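Heavy atoms only: backbone and side chains are in, while hydrogens, waters and symmetry mates are out. Being a predicted model, the structure only gives us computed values, none of them experimental.
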Amino acid sequence: MHPFDPITEDDLNAYIDGGLDTRRRAEVERWLAQYPDEAARVMAELGDADLLREGLGDSGFSTPPDGETRHLAGRLRRRLIWRGAEHVMQRALVIVLCLAAGYGISWLPIGAQPSAEAAHIVPLFADEAAEAFRTAMKEVRTDQSLAYPTPEVPARLAAVDAAHPLPIPDPPSQRWRLLGAQLAAWDRGDAVQVFWRHETKGTVMLFVTQDGVDPAEPAMAPTLGHTEEGDVIYWRSGPYLYALLGTADTKALERLANLIARPSP
């Protein structure tokens, strides 16, 4: 949130919940129009809320939830833990959904304090990268499936300042062949997805984005994390955030991450 703004985090939560009257909703929308980063976050959470409500359906929980509903519940659960937020949409809906998907309620964070489990949850950008990889692998079958043959154009489009494109590392050797790149939206803006394929190790995706919220956070060396989509190696260089995952085994991902990780220019 931005200091001294008339719109509070509670207002945004109520907007996502659909709990504002017409006048206040209009005020929130005017405020969001001035802050694209906040608007992108709210729109992403509205999308998750709609998908979760679809997963709930109208028939209650007399039958087990399908895999997609459980996946969405797990994703929401990780977001809540990482942010230390009290709710993203109506708290009762969150609790009922997560119980239905097989989670207890002891994980729910209270107030602004993150739960102890947050220490074991990958950062939000790494979790978003894993979700993006899951979606992309349903679509990326050939080089022609990708929007850009090289990452230069999307690196400019995804940057906070197009004059300073996101620094995209090159493949470490000719055995890693560049398939192409595409843009992807995430909770805090846009990211570049770069796809490489190795002759024996399979396909990997490098997710690169820029932290426009906390750009002064300290650097982070490549770190192994675990998500529902598989292992992910994530790191930070200046304001730039990186996540690497793919069909290669974990050791190969770690070696690759350590080869391409570099300080920001």
Side-chain angles (χ1 to χ4, degrees), residues 1-56 72-73 75-95 97-98 108-115 118 121 123-129 131-132 135 154-166 183-192 207-217 236 238-241:
M1 295 296 296
H2 302 266
F4 310 116
D5 281 334
I7 303 301
T8 68
E9 190 69 27
D10 286 342
D11 289 321
L12 296 182
N13 286 330
Y15 180 85
I16 294 166
D17 296 347
L20 295 178
D21 59 32
T22 302
R23 181 187 63 80
R24 190 57 172 167
R25 186 175 182 86
E27 290 173 350
V28 169
E29 288 173 349
R30 284 196 297 272
W31 183 88
L32 288 171
Q34 301 174 53
Y35 298 107
D37 55 336
E38 296 287 356
R41 177 173 71 88
V42 168
M43 291 305 104
E45 291 175 355
L46 275 170
D48 279 352
D50 290 341
L51 286 171
L52 287 164
R53 290 187 180 102
E54 287 180 18
L56 282 171
L72 288 165
R75 186 179 177 198
L76 176 61
R77 173 178 177 266
R78 292 192 301 275
R79 284 188 178 196
L80 286 171
I81 292 170
W82 182 255
R83 290 175 180 167
E86 290 197 7
H87 55 77
V88 174
M89 56 180 171
Q90 291 179 357
R91 190 174 180 83
L93 175 61
V94 174
I95 294 172
L97 175 67
C98 291
L108 281 169
I110 304 301
Q113 297 298 319
S115 73
I121 300 295
L124 184 60
F125 76 89
D127 187 57
E128 290 277 338
E131 175 68 17
T135 301
R156 289 197 300 272
L157 295 174
V160 172
D161 179 357
H164 299 88
L166 303 182
L183 280 171
W186 74 294
D187 235 28
R188 294 185 178 179
D190 291 319
V192 179
F207 180 97
V208 185
T209 190
Q210 187 168 355
D211 188 348
V213 177
D214 299 305
E217 284 287 310
R236 181 187 184 109
Y240 303 110
L241 307 172

statement: All heavy atoms of A158 vs all of V192, minimum pair found to be CB-CG2, 3.8 Å
field: For the student: nearest non-hydrogen atoms of A129 and F207, plus distance
entry: CB-CG, 3.4 Å
- prompt: Of the non-hydrogen atoms in L20 and A14, which two are nearest, and what is the gap between them?
  reply: CD2-CB, 3.6 Å
- request: Mark yes or no for whether E128, through its side chain, and W186, through its backbone, hold a donor-acceptor pair below 3.5 Å.
  value: no
field: Any donor-acceptor pair under 3.5 Å from R236 side chain to G238 backbone
entry: yes
field: Shortest non-hydrogen contact from Y15 toward E29
entry: OH-OE2, 2.9 Å
query: Where do A185 and D190 come nearest, in terms of heavy atoms and distance?
result: CA-OD1, 3.9 Å
message: How long is the straight-line distance from OG1 of T209 back to CZ of F125, given to the nearest 0.5 Å?
response: 9.5 Å
- prompt: So do the side chains of D11 and E27 get within less than 4.5 Å of each other, counting heavy atoms only?
  reply: no
message: What I'd like to find out is whether the side chain of I7 reaches to under 4.5 Å of the side chain of R24, using heavy atoms alone.
response: yes
Where P165 and R156 come nearest, the two heavy atoms and their spacing: CB-CG, 3.7 Å
